[in-house]
Amino acid sequence: MSWKTSDSSKQTGWGKKPQSDSVSIFEMGARDGLQNEVAVPTAAKVALIESLADAGLKRIEVGSFVSPKWVPQMADSADVLAQIQRQSGVVYSALTPNVKGFELALNAKASEVAIFGAASQSFSQRNINCSIEESIERFIPLMELAKKHNIPVRGYVSCVLGCPYEGEIAVSEVARVSEILYKMGCYEISLGDTIGIGTPQKARRMLQTVGERVPVDKLALHFHDTYGQALANILACLDLGVRVFDSSVAGLGGCPYAKGASGNLATEDLVYMLHGMGLETGIELQKLALAGQAISTQLNRKNGSKVATALLAK
Ligand SMILES: CC(C)(COP(=O)([O-])OP(=O)([O-])OC[C@H]1O[C@@H](n2cnc3c(N)ncnc32)[C@H](O)[C@@H]1OP(=O)([O-])[O-])[C@@H](O)C(=O)NCCC(=O)NCCSC(=O)C[C@@](C)(O)CC(=O)[O-]
């Protein structure tokens with residue numbers, strides 16, 4: 001399928017054509033990537049984040065302000081934010097599930113925060129210890145505070161293509177939760193295939209359905225690569241107009257509440273494909289590959305990016 005020539009907008013009634021030759025990548029490695037790794041020194045996180053900014057990434061999720069009992073790996077997020085040398089024009093974001101997390105992120109001077117909900121009741125319970133509706137109630141005062149402090153808030157919806165506990169998730173539910181978060185004031189909704197189970201047509205249908213409730217230029221895709229489908233899913237969705245993708249350098253990561261989930265799509269592999277299609281990212285691939293290799297070496301972990309492995313073997 002050619003994203004440039006496909007006329008799927010007419011077939012689907014979607015009404016959106018690819019608008020731009022540039023793509024924005026939200027880098028997840030330091031948060032989604034490292035939240036599953038034990039005992040990563042703060043200095044290694046700081047070095048990773050700085051090298052990602054040096055490689056040209058403009059949107060970097062650096063940590064999360066969640067219960068340290070639930071996710072001890074992220075307990076040093078305030079230290080990380082305090083220690084990084086910030087570059088102008090780079091957004092340093094943090095996950096915040098509730099007001100307490102927001103206040104901690106504000107004190108730590110996160111440039112923006114992200115709330116995270118789910119389209120699956122079971123995943124919501126396991127991940128944030130409340131139902132979908134309760135999570136929305138918790139987000140309301142957080143959104144009010146964020147507005148007062150002029151902090152942009154991104155929204156995640158997990159399990160958009162399936163749930164580790166419930167299996168199939170209705171796309172109508174994904175669209176419903178996405179619309180709620182968007183109407184609450186999230187500037188962008190990131191649709192998470194938490195367990196990387198989706199396939200291209202399914203991903204496309206999900207995006208089309210959500211796109212009927214939330215404008216496509218306010219949507220991002222967040223694919224884990226557990227089943228090796230992430231690049232194919234992104235390719236299948238590009239001509240629907242989506243231009244923001246979440247990915248993780250060296251394919252780092254997983255989710256502590258989704259057993260067996262592997263990391264996000266490797267940023268290097270995404271950048272290689274996008275550049276090959278003539279889409280700009282502003283990212284220097286070689287520098288990115290070196291950043292990914294450095295953290296993989298630190299973690300004593302095989303580099304999860306095929307592109308980085310190939311480039312660095314030259
Ligand atoms: C949400 C909670 C906190 C609810 O947890 P809870 O136990 O229901 O919270 P609580 O309000 O009853 O408080 C219990 C204790 O936690 C403390 N607490 C309460 N809130 C905070 C906070 N913000 N920061 C620090 N501490 C906090 C609070 O102060 C108290 O401390 P105690 O009195 O027992 O000493 C908990 O379930 C939690 O932390 N969950 C972790 C969720 C998480 O980080 N999951 C991984 C990220 S999501 C993800 O990876 C998916 C995504 C986004 O990438 C997209 C995708 O791929 O699908």
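Order of listing sets the numbers, starting from 1, for every ligand and every atom in it. Nothing fancy with the numbering, it's 1 onward along the sequence.
Listed by atom number, the atoms of ligand 1 under 4.0 Å from Arg31 heavy atoms are 47 (C), 49 (C), 50 (O), 52 (C), 53 (C), 54 (O). Of all atoms in ligand 1, listed by their number and element, those nearer than 4.0 Å to a heavy atom of Pro68 are 25 (C), 26 (N). Heavy-atom contacts of Val71 reach the following atoms of ligand 1: 41 (C), 43 (C), 44 (O) (cutoff under 4.0 Å). Listed by atom number, the atoms of ligand 1 under 4.0 Å from His224 heavy atoms are 57 (O). Near Gly101, meaning under 4.0 Å from one of its heavy atoms, ligand 1 places the atoms 23 (N).
The shortest N or O to N or O distance between Tyr156 and ligand 1 is not under 3.5 Å. Here's the thing with Ser64: none of its N/O atoms is less than 3.5 angstrom from an N/O atom of ligand 1. Below 3.5 Å of separation, one finds no N or O of Pro97 facing any N or O of ligand 1. Polar contact check, Phe65 against ligand 1: a nitrogen or oxygen pair lies under 3.5 Å apart.
In this structure, Glu179 pairs ionically with Lys183, as a charged nitrogen and a carboxylate oxygen lie closer than 4.0 Å. Using a cutoff of 4.0 Å between basic side-chain nitrogens and carboxylate oxygens, Lys58 and Glu27 are not scored as salt-bridged.
A donor atom on one side chain and an acceptor atom on the other are not found under 3.5 Å apart for Ser262 and Asp225. At a cut-off of 3.5 Å, with distance as the only test, no side-chain donor of Ser247 or Asn264 sits close to an acceptor on the other residue.
When heavy-atom distances to ligand 1 are checked against a 4.0 Å cut-off, Lys69 comes that close only through its side chain, counted from C-beta outward. Both the backbone and the side chain of Ser158 come within 4.0 Å of ligand 1, counting heavy atoms alone. Residue contacts with ligand 1, taken as heavy atom pairs separated by less than 4.0 Å, do not involve Glu61 at all.
Of all heavy-atom pairs between Ala114 and Glu61, the closest is CB-OE2, 4.2 Å. The two atoms that bring Ala119 and Glu173 nearest to each other are O-CG, 3.4 Å, heavy atoms only.
More than 12 non-hydrogen atoms from other residues, nucleotides or ligands lie less than 6.0 angstrom from OH of Tyr92.
The one candidate from Cys186, Ser190, Ser135 that meets the side chain to side chain contact (heavy atoms under 4.5 Å, CB included) condition with Leu181 is Cys186.
Linking Ile, Leu, Val, Met, Phe, Trp and Tyr residues whenever their side-chain heavy atoms come within less than 4.5 Å leaves Val244 and Leu207 in two separate clusters.
Proximity annotation for atom 24 (N) of ligand 1: of Asp32, Leu95, Asn98, Val66, Val66 comes nearest, heavy atoms only. Comparing Ser67, Ala118, Cys159, Gly33 against atom 39 (O) of ligand 1, the shortest heavy-atom distance belongs to Ser67. Closest heavy-atom approach to atom 46 (C) of ligand 1 among the candidates Gln35, Gln125, Lys100, Gln73: Gln35. When Trp70, Phe116, Phe102 are ranked by how near their heavy atoms come to atom 38 (C) of ligand 1, first place goes to Trp70.
Ring pair His149/Phe102 is tilted by interplanar angle, where 30° to 60° counts as tilted.
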